Amino acid sequence: MLFWTVLGTMACACSASALNQFVEHDKDKLMHRTSNRPIPAGHLSRIHAFVFGVILAYIGVGILSFLANVEAAGIALLTILLYVLVYTPLKTRTSSNTLVGAVVGALPPLIGWVAASGGMGSGGLILASLLFIWQLPHFLALAWVYREDYERGGFVMLPSLDTTGKLTAKASFITSLCLIPLTLLLTITGSTG
């Protein structure tokens, strides 16, 4: 079960990445940190990336459906759709994209929890919440370091709007503090020993 869950989830994650790169190929060319990705570097055509992404989605969701459970497969499909159809377009429109991206990043551990236990349960929801919260300071730090690159690519990130960095630092600090009670909640609910 562990092997199939990891393999199916990995295929779905790779699918979302390939489809994201299919959509953002023009922006990836403008950014230093992404200009060497396969499409902007000319190693892969857009159509090949799209086909590869769709095939990986079928494989990943299929593996999870037949060798784990349908609920895990449903969460995996939701993750791909949120990433490609919601998160990716929002990146050029609003800094709130980070919240949607954090939801997307919180779902893979939930896929594993649901595959292993057969349901969400409080432990799975707390684990997903931990990953959601953790991604906010993590991504804000990356967005601060690469803020010029994101601006060059046309992405709207909080650090791009926060020239002093004070709001970004406060948001990172507050969300980091939220990790402490969430971690303890895993023990309180009996999810850890």
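Quick note: residue numbers are just sequence positions, from 1. Treat the numbers as computed from the prediction; the structure is a model and nothing was measured.
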Quick check against the 3.5 Å criterion: does Thr189 have a side-chain atom that pairs as donor or acceptor with the backbone of Leu185? yes

**Asked** Short question: side chain of Asn69, backbone of Val114 - any donor-acceptor pair under 3.5 Å?
**Response** yes

One should read off an interatomic distance between Ile180 CD1 and Thr183 OG1, to the nearest 0.5 angstrom, of 8.0 Å

When rounded to the nearest 0.5 Å, the distance separating CG of Leu30 from CD of Glu24 is 11.0 Å

Notebook entry, point to check: Given Tyr150 and Arg33, is the side chain to side chain contact (heavy atoms under 4.5 Å, CB included) satisfied, shown in steps?
Noted result: CA-CA 10 Å; Tyr150 281 116; Arg33 69 178 201 85; 2.9 Å; yes

| Hydrophobic cluster membership, Tyr58 vs Leu77, 4.5 Å side-chain cutoff | yes

Answer yes if Val104 and Leu99 sit in the same cluster of Ile, Leu, Val, Met, Phe, Trp and Tyr residues linked by side chain heavy atoms under 4.5 Å apart, and no otherwise. yes

Rounded to the nearest 0.5 Å, the OG1 atom of Thr175 sits from the CZ atom of Phe139 at a distance of 13.0 Å

### Query
Is it true that a side-chain atom of Arg46 and a backbone atom of Phe22 form a donor plus acceptor pair closer than 3.5 Å?
yes

Quick check: do Leu167 and Leu158 have side-chain heavy atoms less than 4.5 Å from each other? yes

For Val61 and Ala73, the nearest pair of non-hydrogen atoms, with its separation, is O-CB, 3.6 Å

Output for pair (Thr9 OG1, Trp4 CH2), nearest 0.5 Å, gives 13.0 Å

**OP:** For the residue pair Ser45 and His48, confirm or rule out a side-chain donor-acceptor distance under 3.5 Å.
**Re:** yes

Is the side chain of Asn97 donor-acceptor paired with the backbone N or O of Tyr87 at a distance under 3.5 Å, no angle test? no

Closest non-hydrogen contact found for Pro109 with Leu131 is CG-CG, 3.6 Å

So, are Arg152 and Asp149 salt-bridged, with charged N and O less than 4.0 Å apart?
yes

Does the pair Lys29 and Ser35 meet the rule for a side chain to side chain contact (heavy atoms under 4.5 Å, CB included), with working shown? CA-CA 5 Å; Lys29 280 183 189 178; Ser35 62; 5.8 Å; no

Q. Is there a path from Trp144 to Met157 through hydrophobic residues (I, L, V, M, F, W, Y) whose side chains come within less than 4.5 Å of each other?
A. no

Sidechain-backbone polar pair: Thr34 side chain, Asp28 backbone, donor-acceptor under 3.5 Å:
yes

inquiry  = Between Trp113 and Leu125 (side chain of the first, backbone of the second, donor and acceptor by atom type, cut-off under 3.5 Å), is there such a pair?
reply    = no

(Q) Less than 4.5 Å apart, side chain to side chain, heavy atoms only: is that true for Arg37 and Asn20? (A) yes

When rounded to the nearest 0.5 Å, the distance separating CG of Leu179 from OG of Ser129 is 10.5 Å

Minimal heavy-atom distance between Ile39 and Gln21, with the atoms involved, is CD1-O, 3.6 Å

For Val84 and Pro89, the nearest pair of non-hydrogen atoms, with its separation, is O-CD, 3.4 Å

Could you check Ile75 against Met120 for side chain to side chain contact (heavy atoms under 4.5 Å, CB included), going step by step and ending with a plain yes or no? CA-CA 11 Å; Ile75 296 169; Met120 292 218 194; 4.2 Å; yes

### Message
Side chains of Thr94 and Val156, heavy atoms from C-beta outward: is any pair under 4.5 Å?
### Response
no

Q) Sub-3.5 Å donor-acceptor pair from the side chain of Ser15 to the main-chain atoms of Gly53, do we have one? A) yes

Between Gly123 and Ser191 the two heavy atoms that sit nearest each other are CA-OG, 3.3 Å

Any side-chain heavy atom of Leu19 within less than 4.5 Å of one from Thr88?
no

(request) Answer with yes or no whether the hydrophobic clustering places Val23 together with Phe155; edges join I, L, V, M, F, W, Y residues whose side-chain heavy atoms lie under 4.5 Å apart. (result) yes

Taken to the nearest 0.5 Å, the spacing of Cys12 SG from Ile111 CD1 works out to 6.5 Å

Looking only at heavy atoms, the pair that brings Ile80 and Ala57 closest together is CD1-CB, 3.9 Å

### Task
Mark yes or no for whether Ser176, through its side chain, and Ser172, through its backbone, hold a donor-acceptor pair below 3.5 Å.
yes

Co-membership, hydrophobic cluster, residues Ile55 and Ile63, 4.5 Å side-chain = yes

query = Any donor and acceptor pair, going by atom type alone, linking the side chain of Thr5 with main-chain N or O of Met1 inside 3.5 Å?
reply = yes

